[in-house]
2 protein chains.
Amino acid sequence: MSQKLFVSAQEVAEKAGVSRSAVSRTFTSGASVSPKTRQKVLDAADALGYHVNHLARGLMRNESGIVCLIVSEIGTPYRSALLRALTQQLQNSGKVAMLINTDRSDGSADLALRQAIRYRADASIILSGLPDKSITDLCLKNGQRLVLINRDDDREGPLKINLDDADAAARIATAFVRAGCSKLAFANSQAGTPSLMAREHGFVAAAKAMGLDVMVERFGHTGYESGRAVAQQLLTRKERPDAVFCATDLLACGFMDAARHQFSMSVPDQICVAGFDDIEQASWSSYGLTTFAQPVDMTAREAVSWLVSETAESENHTVRLHADLVWRTSIRGG
Amino acid sequence: MSQKLFVSAQEVAEKAGVSRSAVSRTFTSGASVSPKTRQKVLDAADALGYHVNHLARGLMRNESGIVCLIVSEIGTPYRSALLRALTQQLQNSGKVAMLINTDRSDGSADLALRQAIRYRADASIILSGLPDKSITDLCLKNGQRLVLINRDDDREGPLKINLDDADAAARIATAFVRAGCSKLAFANSQAGTPSLMAREHGFVAAAKAMGLDVMVERFGHTGYESGRAVAQQLLTRKERPDAVFCATDLLACGFMDAARHQFSMSVPDQICVAGFDDIEQASWSSYGLTTFAQPVDMTAREAVSWLVSETAESENHTVRLHADLVWRTSIRGG
DNA sequence: ATCGCTTTTGCAAGCGTGTGCAAATGCTGC
DNA sequence: GCAGCATTTGCACACGCTTGCAAAAGCGAT
């Protein structure tokens with residue numbers, strides 16, 4: 001154990017022959033310090049290997065620079081892409097991300113937010129799980145900002161970033177019909193997330209408006225295996241669908257693989273498939289999945305720019321982003 | 001702006017009618033406090049919504065509870081899977097993960113480690129990039145622990161977790177030969193990571209030992225597109241390979257897709273393919289990729305258990321983990 | 001009640017930083 | 001040289017917590 005401990009501003013001050021305030025001001029942007037002493041301090045700091053202690057700074061300023069990312073299923077393509085974009089943006093804004101994994105228990109979003117409070121995070125971004133109202137209230141009351149991505153609820157205070165899920169669903173429904181399909185199906189998971197349900201309801205409603213019924217199947221989590229399972233259910237029916245909209249790309253990939261390899265169907269000749277998210281795999285030539293692109297970069301930018309803005313707290317802020325349809329080869333025509 | 005600020009131990013103490021020390025001890029495990037006062041404190045804390053300030057605690061204890069994860073290409077299947085496992089394990093051990101994205105610049109690993117130092121992280125886990133020696137020295141000197149995953153270098157002090165890459169490469173070489181292949185190829189990226197190069201050299205050496213040459217191609221980053229590009233190079237040769245070992249699964253997926261859809265080749269009949277990592281997509285039925293499974297859970301467990309152990313600092317610690325061969329359908333026979 | 005012992009409790013001194021305030025310093029124009 | 005002003009500097013307090021130390025309290029036995 002070297003146990004040398006970290007070098008403090010005090011030591012730098014002594015080495016540079018100035019007061020401790022001077023070194024503090026040198027590392028505080030916008031503080032008044034002469035160029036001469038500034039240089040002396042910087043030299044001494046460099047020689048000693050000094051780094052401002054952000055714990056202490058956060059304690060004083062009552063602003064830690066930490067932003068909590070609360071997320072489950074980190075290994076999933078869409079989630080990890082969003083994570084990438086968010087950390088990138090946060091670092092651009094001088095913030096640092098604290099990552100909290102809520103895969104395990106159900107109340108884990110609450111535990112996570114508690115952790116965020118303990119470290120006095122300036123803000124939390126929630127990508128999964130619906131935290132308890134009492135906790136979010138606590139966050140907000142303590143001046144912590146909150147961003148909810150794709151999980152709109154009726155709370156007051158947090159920024160909510162959503163997509164035009166229902167509208168997108170309607171667009172794909174007409175695309176299916178235009179491609180000559182008439183036996184529509186929707187493949188969903190049992191997760192029941194607001195955005196997933198919005199896609200389902202939007203799709204069913206749009207179909208109904210065109211005088212068509214929709215076969216809806218839901219299964220398990222929002223993953224590849226569930227897509228296969230739903231295919232099992234849909235493709236063993238008396239009347240097979242000729243177009244299926246999957247709530248996520250992972251479901252779509254699973255569905256396509258099952259349709260092709262297990263039921264020997266051709267996509268898109270015998271069945272058209274569409275997904276949602278535009279994960280990387282959707283563009284792989286084995287799939288060529290027509291899908292809606294989640295605007296991850298835009299989402300991250302919106303979230304972070306709101307977090308760091310001086311003048312947030314604007315009462316009931318909601319951002320609704322647009323999901324572009326990326327046309328590939330899993331739907332006829334185009 | 002409510003600006004109510006956080007509630008402090010002082011306020012809890014007053015409400016509970018005890019001293020500030022008492023409430024501090026209540027939240028410090030292993031401190032001496034009578035059950036009666038403890039209860040009074042807990043009640044008061046709950047009523048006021050008190051949470052220990054980990055910034056201040058870290059300042060006092062000289063131990064923040066923060067572990068930095070330094071990682072690039074977060075959106076990648078293997079990386080995100082490892083990230084998931086690591087955060088899980090860290091939380092199990094009462095630590096919290098600070099995520100640092102090093103996608104952009106080259107010296108960004110250094111910047112990241114600086115950030116880790118500023119927040120007085122107890123440890124850093126490096127999944128990407130080779131930090132400068134001066135920085136790692138600084139980390140170690142300040143009692144910060146360091147874990148390097150799959151990027152062995154000769155530094156003294158950090159824990160290094162590696163795989164038996166070369167051995168795995170040799171195993172797959174013999175598997176290819178046993179499947180009747182004789183025109184071997186290796187598909188790599190230009191990243192030149194130690195583990196990637198170990199796979200390449202191991203494969204070439206094993207082939208040479210069996211009297212076979214290997215066509216080696218390298219291209220771009222370690223992703224799907226590179227796999228396609230390498231396929232372009234390998235499959236337009238006068239003599240096509242009949243077996244190719246790809247340094248990662250993403251490369252393998254890209255290679256397979258190009259081989260099948262662009263060159264109309266059949267896998268595994270005309271060409272056998274193997275990968276490395278065992279990402280989720282490898283098991284998708286469009287690929288059925290035979291590959292080596294990275295022991296992500298084991299890796300995470302090793303890393304974290306070493307970090308939290310009392311007695312680390314054991315001079316030159318290296319862990320070499322085994323990668324199991326997962327046999328699927330991209331190689332004949334089996 | 002007194003003693004000896006263990007447990008609990010409060011005091012106060014830090015941890016490393018930011019910042020208001022007043023003193024000190026530098027600069028400009030006579 | 002000096003007055004007038006802007007800028008820089010140091011002091012000292014505060015932030016919220018932990019913890020060594022000594023005083024206080026509990027407790028059982030004499």
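Every chain is numbered from 1, with letters handed out A, B, ... down the list of sequences. Just so it is clear, the model here is predicted, and its values are computed rather than measured.
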Mind running side chain to side chain donor-acceptor pair (under 3.5 Å) on A:Arg104 and B:Asn92 for me, showing each step along the way?
CA-CA 11 Å; A:Arg104 282 194 319 182; B:Asn92 285 352; 3.0 Å; yes
Using every non-hydrogen atom in the two residues, find where [X] and [Y] come nearest and quote the distance to one decimal.
X: A:Ser80; Y: A:Ile74; value: CB-O, 3.4 Å
X: A:Lys95; Y: A:Val308; value: CE-CG1, 3.9 Å
X: A:Asn150; Y: A:Asn162; value: CA-OD1, 3.6 Å
X: B:Tyr119; Y: A:Leu55; value: O-CD1, 3.3 Å

Gap between atoms [atom1] and [atom2], on [X] and [N] respectively (whole Å):
X: A:Leu55; N: D:dA14; atom1: CG; atom2: P; value: 22 Å
X: A:Asn62; N: C:dT19; atom1: CG; atom2: P; value: 11 Å
X: A:Glu11; N: C:dG16; atom1: CD; atom2: P; value: 8 Å
X: A:Glu63; N: C:dT17; atom1: CD; atom2: C1'; value: 14 Å
X: B:Leu59; N: D:dA14; atom1: CG; atom2: P; value: 17 Å
X: B:Arg38; N: C:dT9; atom1: CZ; atom2: P; value: 11 Å
X: B:Glu14; N: C:dG10; atom1: CD; atom2: C1'; value: 15 Å
X: A:Lys36; N: C:dT25; atom1: NZ; atom2: P; value: 12 Å

Measuring only between side-chain heavy atoms, which start at C-beta, is A:Pro77 closer than 4.5 Å to A:Asp277?
no
Quick test: give all pairs of protein nitrogen or oxygen and nucleotides 17-21 of chain D nitrogen or oxygen below 3.5 Å, distance rounded to 0.1 Å.
| unit_1 | atom_1 | unit_2 | atom_2 | d |
| --- | --- | --- | --- | --- |
| D:dC17 | OP1 | B:Tyr50 | OH | 2.6 |
| D:dC17 | OP1 | B:Asn53 | N | 3.3 |
| D:dC17 | OP2 | B:Ala9 | N | 2.6 |
| D:dT18 | OP1 | B:Arg57 | NE | 2.5 |
| D:dT18 | OP1 | B:Arg57 | NH2 | 2.7 |
| D:dT18 | OP2 | B:Ser24 | OG | 2.4 |

More than 12 non-hydrogen atoms from neighbouring residues, nucleotides or ligands closer than 6.0 Å to CZ on A:Arg118, yes or no?
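For A:Arg118, atom CZ is crowded (more than 12 foreign heavy atoms under 6.0 Å).
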Would you please name every residue forming a salt bridge (Lys or Arg N to Asp or Glu O under 4.0 Å) with B:Asp43, sequence neighbours left out?
none
Using a cut-off of 4.0 Å on non-hydrogen atoms, how would the nucleic acid contact of A:Ser34 be classed: base, sugar-phosphate, or nothing?
sugar-phosphate
May I ask you to check whether B:Ser124 and B:Gln144 show a side-chain donor-acceptor distance below 3.5 Å?
yes
Does a side-chain N or O of B:Ser32 approach OP1 or OP2 of C:dT8 to a distance below 4.0 Å, or not?
yes
Could you work out how much the helix from C:dA1-D:dT30 to C:dC30-D:dG1 bends, comparing the axis of its first five pairs with that of its last five, to 10°?
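About 30° separates the two local helix axes.
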